[in-house]
Number of protein chains: 2
Amino acid sequence: MFAQAATAPKLTVPFGAGQLHAEVRRAPASFSPDQPHQVMFYEANAEIYAQGEQATALYLVEFGAVRLYRLLADGRRQISAFHVAGEVFGFEADGQHHFFAEAVGQACIRVFRKPAGETNWRQTLAAALAALVRAQEHLLVIGRQNAAERVAAFLLDMMERQNSDCAVQLPMSRTDIGDYLGLTIETVSRTFSKFRSRGLVRLVNTRTVEILDAATLRAMCD
Amino acid sequence: MFAQAATAPKLTVPFGAGQLHAEVRRAPASFSPDQPHQVMFYEANAEIYAQGEQATALYLVEFGAVRLYRLLADGRRQISAFHVAGEVFGFEADGQHHFFAEAVGQACIRVFRKPAGETNWRQTLAAALAALVRAQEHLLVIGRQNAAERVAAFLLDMMERQNSDCAVQLPMSRTDIGDYLGLTIETVSRTFSKFRSRGLVRLVNTRTVEILDAATLRAMCD
DNA sequence: CGCCTCATTGATTCTACTCAATTCGGGTGG
DNA sequence: CCACCCGAATTGAGTAGAATCAATGAGGCG
């Protein structure tokens, strides 16, 4: 199950600037480390679990980011969620994973083997409900909003999940963003460019966006 | 909170033909009636709870159907889920409802006042996980599938949630279906017509669809 | 019978997709 | 240090699919 995870994390430069430290600060969240657990290190794009596998654990992101996704037969991909430091993922209703989970960049993940549910069920329920709310919010974005509104919502969401104001780190590629928002990479890129030309954002580099006018972006979403 | 719910259910013709009886058979599901509860009857389109309200209960559909939805500022609506007999809804992460819940047609709903969580948390978690899986599956449909694939998935889903083969009852209007699938009513209607002309379904009336070729519909979805 | 709402069908517009061509950025090796 | 390479991102041109605008048709109820 963890074949692709390096057992000896080569922490050459796992921490970049600013934001990753902010993530680390947020990490000690709901699940307490007094549960039996194991900390795993994953290289970029390493598989954490696959669709169809038995669900035997819950996962807490320590640093880095994770994408959950499914594939259609013809290769179309839908990312249902990104999870960043401090968030829990991996619950399934029938003991089987219905999605793939992969590290977006290098990621460190605390794995809680089951059955821990009897003791920390309240935390499990809280995490599941948080995921449910997130999925439902995302349904609204994908179902009824246009490209600009989707990208605006995404940027604001990423901004709020990081503690930094304005400078948002995007651990994921444009392809990831497109598959998350139900758009093509071209549309994502064009929308970024339009936001830039309207003075709403500054594209520092491909993975860093500075939010210049959060109010206008917010007004687009709702 | 329950202003629009009739306290004395006038059960003149609440049960229609076949399918509703099938729903009733499926009703006694996860939540046991030995919890303190109250059975409420709702007229069509009656509000069960509103966005922003305090979440004080869980809801088990006895018969009928319920829609959960949110509105954008300009009136666009996204239905995140339909719930039919035997299903539980109403959990929220932070004690506040993030969605509206309304009866689609006449509906009967068992209301479990909190805090019952301490005793039946396992059932609550199971129901929340079921809702999560459903929302995630729906994300895939809305994010990456075209109109025909969405409608096909919807029809198959409704068929599987009813015990009847082939003849599917649709308690909801075309507008509801559109707002659930992220499509306009015109597109929904056109897609139904295309399915009919291809011999995949028979449109018995506006609220009844006979599935003639489930295999082809299934092949469209994945 | 007529009214009203919902559903269907048609004509047109527009958004986002597709296909294609550069451009950018990071890494490697000379 | 610089030239080169490769994948990712951006930009452009044309197209397809769903939305929009509009008209007609089908039920349900007073």
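So that the names make sense, note that chain A is the first sequence line, chain B the second, and so on, each numbered from 1.
- Judged by distance alone, with hydrogens and angles left aside, the side-chain atoms of A:R218 form no donor-acceptor pair with the main-chain N or O of A:L156 at under 3.5 Å.
- Atom CD in B:E87 sits 9.5 Å away from atom CG in B:L60 (nearest 0.5 Å).
- Nucleotide C:dC6 holds its P atom 17 Å from the CZ atom of B:F192, rounded to whole Å.
- Within the 4.0 Å cut-off from OP1 or OP2 of C:dT9, at least one side-chain nitrogen or oxygen of B:R196 is found.
- Rounded to a whole Å, the CG atom of B:L181 is 13 Å from the C1' atom of D:dA18.
- When rounded to the nearest whole Å, the span between CZ of B:R144 and P of D:dG17 equals 16 Å.
- Checked against side chain to side chain donor-acceptor pair (under 3.5 Å), A:R67 has the following partners two or more places apart in sequence or in another chain: A:N45, A:E102, A:D176.
- With sequence neighbours excluded, no residue satisfies side chain to side chain donor-acceptor pair (under 3.5 Å) with A:T191.
- For the pair A:N205 CG and C:dT23 C1', the computed distance is 16 Å after rounding to whole Å.
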Hey, what are the protein-to-nucleotides 12-16 of chain C N/O distances that come in under 3.5 Å?
unit_1	atom_1	unit_2	atom_2	d
C:dA16	OP1	A:A147	N	2.7

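- Between B:F63 and B:F41, the angle of the ring planes lies from 30° to 60°, which puts this pair in the tilted group.
- Legend: residues meeting side-chain contact (heavy atoms from CB on, under 4.5 Å) with A:T175, ordered by chain and number and at least two apart, are A:R77, A:S173, A:D179, A:I185.
- A donor-acceptor contact under 3.5 angstrom links the side-chain atoms of A:R190 to the base of C:dT18.
- When atom types are taken as modelled, the side chain of B:Q162 and the backbone of B:Q169 share a donor-acceptor pair closer than 3.5 angstrom.
- Under the side-chain contact (heavy atoms from CB on, under 4.5 Å) criterion, A:L140 pairs with B:R70, B:L72, B:Q78, sequence neighbours left out.
- The ring pair (Phe, Tyr, Trp, His ring centres under 6.0 Å) search around B:F154 returns B:Y180, not counting sequence neighbours.
- One atom, CD1 of B:I185, and another, P of C:dC6, lie 9 Å apart when rounded to the nearest Å.
- Remark: A:F89 engages A:Y59, A:H83 in a ring pair (Phe, Tyr, Trp, His ring centres under 6.0 Å) (not counting sequence neighbours).
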Taking protein heavy atoms under 4.0 Å as touching, what does nucleotides 22-30 of chain D look like 5' to 3' if B marks base contact, S marks sugar-phosphate-only contact and - marks none? ---------
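- For residues 181-197 of chain B, there are no salt bridge (charged side-chain N to carboxylate O under 4.0 Å, His left out) pairs, not counting sequence neighbours.
- In this structure, the CG atom of B:L203 is 11 Å from the C1' atom of C:dT8, given to the nearest Å.
- One interatomic measurement links the two molecules: CG of B:L170 to C1' of C:dA7, which rounds to 13 Å at whole-angstrom precision.
- Using a 4.0 Å cut-off between charged side-chain N and carboxylate O, B:E160 and B:R134 make no salt bridge.
- When the P atom of D:dA8 is taken as reference, atom CE of A:M172 falls 16 Å away, rounded to whole Å.
- Checking C:dT8, D:dA9, C:dT9 against every side-chain atom of A:T206, the shortest atom distance belongs to D:dA9.
- Judged by distance alone, the side chain of B:E210 and the main-chain N or O of B:C166 form no donor-acceptor pair under 3.5 Å.
- Not counting sequence neighbours, the partners of A:F100 by the ring pair (Phe, Tyr, Trp, His ring centres under 6.0 Å) test are A:Y69.
- Comparing the end axes of the helix from C:dC1-D:dG30 to C:dG30-D:dC1, each fitted to five base pairs by superposing C1' atoms of four pairs onto the next four, gives an inter-axis angle of 30° (nearest 10 degrees).
- Near DNA chain C, defined here as any heavy-atom distance below 4.0 Å, there are no residues from residues 149-158 of chain A.
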